Amino acid sequence: MNDITQCWRWLCAMLAFAMLAGCANEPIKVDAARPVAKAVAKGAQIYGKNKYTPWGFGVCYGKGLNDPGQVLAFAKETCGDGRIELRGEDLLWNSCPMFQGARASFVCYPRGPKPSPVGG
């Protein structure tokens with residue numbers, strides 16, 4: 001009976017380890033912080049919305065898991081060929097997973113149309 005209990009504990013410990021190892025440690029895209037989302041929405045309301053309209057997004061990351069370069073690279077990849085600006089970070093009540101509890105909020109400014117080769 002003692003061997004069965006010990007085997008059961010070992011199996012549970014291995015299962016818990018496997019579940020934790022399977023947790024994502026790469027940054028993930030989420031909604032931007034409320035103030036950033038409101039500012040972007042206000043700009044779209046004033047200036048109109050088209051494919052060149054700035055848009056906001058958040059990146060969840062773990063301060064102990066991800067370095068700043070990794071978070072920035074993920075944000076640039078998310079924005080595509082546009083320009084990004086960091087608009088804030090928050091740690092609490094931000095819809096990020098437990099091991100990635102920090103959120104950086106960015107605004108993406110899509111690249112505008114190319115100028116005419118004929119000048120105008």
Side-chain angles (χ1 to χ4, degrees):
M1 185 69 171
N2 198 15
D3 289 337
I4 294 174
T5 305
Q6 187 176 9
C7 185
W8 180 251
R9 286 182 184 162
W10 182 82
L11 182 62
C12 287
M14 292 305 291
L15 184 60
F17 178 75
M19 288 173 61
L20 287 176
C23 291
N25 60 1
E26 296 294 319
I28 56 173
K29 180 180 175 247
V30 294
D31 291 335
R34 190 170 294 135
V36 174
K38 282 184 178 181
V40 169
K42 183 73 170 174
Q45 182 182 6
I46 293 171
Y47 300 109
K49 187 168 177 135
N50 59 41
K51 64 182 180 179
Y52 305 115
T53 302
W55 55 280
F57 64 97
V59 176
C60 289
Y61 66 97
K63 287 194 175 268
L65 296 173
N66 309 111
D67 60 48
Q70 193 177 14
V71 175
L72 190 58
F74 182 82
K76 285 181 180 178
E77 180 182 321
T78 301
C79 185
D81 65 348
R83 178 176 58 88
I84 59 170
E85 280 186 12
L86 175 65
R87 290 295 179 96
E89 289 184 276
D90 54 342
L91 297 172
L92 299 172
W93 307 107
N94 59 15
S95 71
C96 289
M98 181 171 63
F99 291 111
Q100 294 177 312
R103 175 177 61 184
S105 293
F106 293 91
V107 174
C108 175
Y109 296 93
R111 185 180 299 275
K114 294 183 179 180
S116 172
V118 291

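As the structure is a computational prediction, the values presented were derived from the model and not from experiment.
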Kindly give the heavy-atom pair with the smallest separation between K76 and I84, and that separation in Å.
CG-CD1, 3.7 Å

Treating Ile, Leu, Val, Met, Phe, Trp and Tyr as nodes and any side-chain heavy-atom pair under 4.5 angstrom as an edge, say whether F74 and L72 lie in one connected cluster.
yes

Contact check, side chains of E26 and Q70, non-hydrogen atoms, under 4.5 Å
yes

Which heavy-atom pair separates K29 from T78 by the least distance, and what is that distance?
CD-CG2, 3.6 Å

Looking at V36, L86, D31, which hits side-chain contact (heavy atoms from CB on, under 4.5 Å) with S105?
V36

Taking all atoms of both residues into account, what is the closest heavy-atom pair of V59 and V30, and its distance?
N-CG2, 4.2 Å

Side chains of F106 and C79: closer than 4.5 Å at any heavy-atom pair?
no

Using only atom types and a distance under 3.5 Å, with no angle test, would you say the side chain of D90 pairs donor to acceptor with the backbone of A102?
no

Heavy-atom pair with the smallest gap, counting every atom of K63 and L91:
CE-CD2, 3.7 Å

Provide the closest heavy-atom pair for F57 versus A75 in the form atom of the first, atom of the second, distance.
CZ-O, 3.6 Å

Heavy-atom closest contact (Q100 atom, C60 atom, distance)
O-CB, 3.8 Å

Does OH belonging to Y47 count more than 12 external heavy atoms closer than 6.0 Å?
no

Is any side-chain heavy atom of P54 closer than 4.5 Å to a side-chain heavy atom of C108?
no

